[in-house]
Number of protein chains: 2
Amino acid sequence: MSTERRAPLDRHRVADTALRLLNEVGLDGLTLRAIAKELDVKAPALYWHFKDKQALLDEMASEMYRRMLTGTEPDPADTWQERLLKANRGLRTALLGYRDGARVFSGTRFTGIDHAPALEANLRLLTDAGFTLAQAVDAGRTANSFTIGFVIEEQGMRPLHGDGEVRERVDLGERARRMAGFPLAAAAGELLFDDYDRQFEEGLAVVVAGIGTRYGTG
Amino acid sequence: MSTERRAPLDRHRVADTALRLLNEVGLDGLTLRAIAKELDVKAPALYWHFKDKQALLDEMASEMYRRMLTGTEPDPADTWQERLLKANRGLRTALLGYRDGARVFSGTRFTGIDHAPALEANLRLLTDAGFTLAQAVDAGRTANSFTIGFVIEEQGMRPLHGDGEVRERVDLGERARRMAGFPLAAAAGELLFDDYDRQFEEGLAVVVAGIGTRYGTG
DNA sequence: CGACGCCACTTAACAATGTTAAGGAGATTT
DNA sequence: AAATCTCCTTAACATTGTTAAGTGGCGTCG
């Protein structure tokens with residue numbers, strides 16, 4: 001018998017399902033009707049739990065952030081360099097875990113305080129290492145901006161598709177042809193669109209080194 | 001008499017008008033019908049000049065980039081530090097010049113070669129200064145990623161509105177209340193959302209310093 | 001026990017959007 | 001003069017976020 005009554009939804013379950021669906025259809029395919037169907041519900045039902053679609057996206061971003069934190073208990077024995085590296089690697093990994101993850105994440109603001117403990121711990125570590133609070137804030141934001149910017153470009157160039165497959169969006173041969181007459185720019189093509197992991201590590205190392213140099217805590 | 005025949009459109013004029021309109025209505029309000037009305041034309045006419053809306057957005061991004069370049073003739077006597085600073089300051093200024101500028105810019109890929117000469121000149125300057133090509137590419141992308149990421153956050157926090165007015169999207173008092181129990185994080189609020197110009201300069205200085213440190217060309 | 005009321009949803013509908021199909025007026029070419 | 005090309009219009013379509021109104025189940029209170 002179908003007298004089984006589906007348990008009522010809540011914000012968490014909706015965001016959960018939406019995140020799972022995001023990886024199949026991408027941000028542009030993530031319609032309220034599709035999410036609702038996945039939950040065995042009609043679209044307007046979502047408005048009982050969320051004020052509008054943006055509120056749902058905010059919840060999704062918060063959930064992404066929560067999952068990122070659970071993967072990485074901060075080690076109090078970290079040096080500030082290690083902490084910055086870990087935090088930003090973790091952020092990138094979390095964003096890459098979802099199709100259009102960076103776009104979703106950067107378009108939303110946190111509503112809760114789930115991020116507060118980690119932020120507090122990081123600021124504490126940096127100030128204990130000799131940074132002023134202002135320096136610690138600047139350092140964190142600089143590294144954070146780099147990571148977000150990098151992943152936005154990365155996901156724009158190599159979108160993750162439904163089947164987990166990665167497809168390049170740039171035709172290197174055609175680019176090289178257009179760049180004839182600009183030898184360095186042409187040669188840069190192969191470097192620009194290959195080995196994002198290495199490029200990210202390189203950039204992150206640059207940022208951390210710069211923080212040490214500029215704030216004299218290296 | 002209205003026998004005056006309007007000159008036919010072209011991609012450039014459409015992108016021009018769309019960019020002007022962008023500052024009045026924002027990316028979400030930038031519909032094809034609104035752009036068409038501004039051009040005294042019906043919406044489907046745009047499809048004669050552009051394959052789809054994304055193609056128009058690409059053209060807009062290219063135009064933004066072109067305007068950025070005309071403002072800044074690269075000085076061959078620049079040191080690599082000066083060049084990186086100028087290029088990324090210019091990029092930020094260009095992005096801030098349009099409502100949702102960073103979102104428009106980061107969502108698109110260049111189709112032309114307008115950016116090639118400047119890229120070539122920058123790579124030349126860096127390699128002449130002792131960088132390998134790979135290092136020059138990495139350095140440029142790191143700085144670039146930082147700038148894009150920074151401005152995306154900046155414009156997300158302080159959206160530019162139609163009348164050129166800037167409205168804050170964060171209630172600092174409410175944030176401080178939520179952050180009770182996390183003193184450093186709470187105190188960081190005022191630092192995080194104030195004086196973006198200074199924060200950007202600070203971050204850019206960090207990146208440039210890091211490039212010098214890591215690639216031994218400082 | 002029955003009426004009330006709240007929760008969590010459904011059905012129906014709306015205006016707006018990107019996009020396509022078909023056609024048409026005017027200039028240009030043959 | 002006929003045909004073709006350019007650039008645009010009118011009409012329509014499916015899809016989207018969102019709102020309004022209604023409805024069935026469940027607990028509470030008289």
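The chains referred to below are lettered A, B, ... by the order of the sequence lines, with proteins before strands, and numbering in each begins at 1.
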> Distance check needed: C:dC14 P versus A:Leu32 CG, whole Å only.
20 Å

> Count the heavy atoms belonging to other residues, nucleotides or ligands that lie under 6.0 Å from CG of B:Asp40, then report whether that count exceeds 12.
no

> Atom CG of B:Asp10 to atom C1' of D:dC7: distance rounded to whole Å?
12 Å

> Between B:Asp58 and B:Gln54, is any side-chain donor less than 3.5 angstrom from a side-chain acceptor?
yes

> Between C1' on D:dT9 and CG on B:Leu46, what's the gap in Å once rounded to a whole number?
13 Å

> Closer than 4.0 Å, any side-chain N/O of B:His49 to the OP1 or OP2 of D:dT6?
no

> Roughly how many Å is it from CZ in A:Phe50 to P in C:dA8, rounded to a whole number?
13 Å

> Could you check B:Gln155 against B:Arg103 for side chain to side chain donor-acceptor pair (under 3.5 Å), going step by step and ending with a plain yes or no?
CA-CA 9 Å; B:Gln155 287 186 322; B:Arg103 271 170 70 202; over 6 Å; no

> Relative to B:Phe150, does B:Arg92 satisfy both conditions: NZ or CZ under 6.0 angstrom from the six-membered ring centre, and within 45 degrees of the ring's axis?
no

> Counting side-chain heavy atoms from C-beta on, which of D:dT10, C:dT17, C:dT11 comes nearest to B:Pro44?
D:dT10

> Can you check the A:Lys42 NZ to D:dG17 P distance for me, whole Å?
16 Å

> Counting side-chain heavy atoms from CB outward, which of C:dA13, C:dA8, D:dT10 is closest to A:Arg33?
C:dA13

> Verify side chain to side chain donor-acceptor pair (under 3.5 Å) between B:Arg67 and B:Tyr98, making sure each step is shown before the conclusion.
CA-CA 12 Å; B:Arg67 293 181 189 175; B:Tyr98 302 95; 2.8 Å; yes

> Which nucleotide wins on minimum distance to the side chain of B:Tyr47, given the candidates D:dT18, C:dT20, D:dG17?
C:dT20

> How long is the line joining CG of B:Leu39 and P of D:dC7, in whole Å?
15 Å

> Within this structure, what is the CG-to-C1' distance between A:Leu9 and C:dC9, rounded to whole angstrom?
9 Å

> Kindly point out which of C:dT17, C:dA8, C:dT10 is positioned nearest to the side chain of B:Thr31?
C:dT17

> Ignoring backbone atoms, establish whether B:Lys53 has a side-chain N or O less than 4.0 Å from OP1 or OP2 of C:dG18.
yes

> So, is A:Trp48 near the phosphate of C:dA8, with a side-chain N or O under 4.0 Å from OP1 or OP2?
yes

> In terms of side-chain heavy atoms of A:Ala43, which of C:dT10, C:dG18, D:dT18 is nearest?
D:dT18

> Nearest whole angstrom, please: distance from the C1' of C:dA16 to the CG of B:Leu30.
15 Å

